[in-house]
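Since the structure is predicted, the reported quantities are computational estimates derived from the model, not experimental observations. Order of the sequence lines sets the chain letters (A, B, ...), proteins ahead of strands, with each chain counted from 1.
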2 protein chains.
Amino acid sequence: MVVDRESGDRADRIFAALSDATRREIVAMTLTAEYSVSELARRFPVSFAAVQKHVAVLERAGLVIKRRSGREQRVRGNADALREAHRLLDQLADVWRGRVERIGALLAEPEPEPEPGLDLDLDPGGA
Amino acid sequence: MVVDRESGDRADRIFAALSDATRREIVAMTLTAEYSVSELARRFPVSFAAVQKHVAVLERAGLVIKRRSGREQRVRGNADALREAHRLLDQLADVWRGRVERIGALLAEPEPEPEPGLDLDLDPGGA
DNA sequence: CCGATCTACAACCATCGGGTTGTATGTTAG
DNA sequence: CTAACATACAACCCGATGGTTGTAGATCGG
């Protein structure tokens, strides 16, 4: 099961990554300037490995990008991913306002209920 | 201990709540119309209790509001919470653009590094 | 009243997530 | 080469989370 739809998982990862204060802070920091993982680690009251994991989570979510530079790995925030997050939020609201671009009846049995189950996991613009 | 706990946890809860596809769908649905918990439950391939928990998570995050109506509990999405989420995202980006409204040096040792640790958990507007 | 329905909540289980430590590998500096 | 540093990754602990079932209380319909 779980047809492995990338679209939904992507939203999951983005929001999950943002649900941690340390990670949000890393994102904000790396949007401002590039930091190596150990530079980041020095600024948080947790172990290096913990910060490393946070960065990995952010990277999987596309919120930061790692660039190898010699022996260090420089981390920079990805503003596009933030825009993506905005878009995902807008999709919820858009559906609400009746402006649904695409409808995917995931579950929605032929019930006489007002609204069908909508997908809202769409990833239209690509990229 | 742990003095404040209000500000940061709120962001945590909002994003964590949004990190689940079922919950995102519930939010979108309830922004469109009110549904009782069992109406919602009927539309998802999980138990009633599971949906009930999802609604509870959403409620704790402020993303939905429950209103008792007779024996049922009607759930409606809260657009304000979505705006709040937008704001939280903007804070990350704003910091990036150099427009920081408030700075809280949470950890940031007096290092000669470019940027101090910023709070970005602020909850100014109050709402 | 009784029965059906909606909700709440507890107990339980499996998995995930954040934290740690420890070890291995790569890279730069002498 | 060797030492020091930056990173990667595995193993482990433990609490949170998502799912289940089961039970109990409220409320509506006869």
Take Arg23(A) and Val37(B), find for each the nucleotide of DNA chain C with the closest heavy atom, and name the residue whose nucleotide sits nearer the 5' end.
Val37(B)
Pairs where residues 55-82 of chain A contributes a residue and the test ring pair (Phe, Tyr, Trp, His ring centres under 6.0 Å) is met, not counting sequence neighbours:
none
DNA chain D-proximal residues of residues 66-77 of chain B, any heavy atom under 4.0 Å
Gly70(B), Arg71(B)
Hydrophobic cluster identity match, Phe44(B) and Leu63(B), side-chain contacts under 4.5 Å:
yes
Is the phosphate of dG18(C), meaning OP1 or OP2, less than 4.0 Å from a side-chain N or O of Thr22(A)?
no
Taking atom P of dC16(C) as reference, at what distance in whole Å does atom CZ of Arg13(A) sit?
13 Å
Any ion pair linking Glu39(A) and Arg42(A) (charged N to carboxylate O, less than 4.0 Å)?
no
Please give me every residue in residues 47-58 of chain A whose heavy atoms get under 4.0 Å of an atom in DNA chain D, ordered by residue number.
Phe48(A), Ala49(A), Gln52(A), Lys53(A)
Could you state the CG-C1' distance from Asp20(B) to dG19(D), rounded to the nearest angstrom?
11 Å
Side-chain (Asn78(A)) to main-chain (Gly62(A)) donor-acceptor, under 3.5 angstrom
yes
Please report the distance, rounded to the nearest Å, between CZ in Arg60(B) and C1' in dA8(C).
14 Å
Can you tell if the side chain of Arg43(B) reaches within under 4.5 Å of the side chain of Glu25(B), non-hydrogen atoms only?
no
Nearest whole Å is fine: how far is dT5(C) P from Glu39(B) CD?
14 Å
Is Arg24(B) reaching over with its side chain to a backbone N or O of Leu18(B), donor-acceptor style, under 3.5 angstrom?
yes
Pair Asp80(B) + Arg83(B), salt bridge at N-O below 4.0 Å
yes
Inspect the contact between Glu34(A) and Arg67(A) and indicate whether a charged nitrogen and a carboxylate oxygen are less than 4.0 angstrom apart.
yes
If I take atom CZ in residue Phe15(B) and atom P in nucleotide dG18(C), what distance separates them, rounded to the nearest angstrom?
15 Å
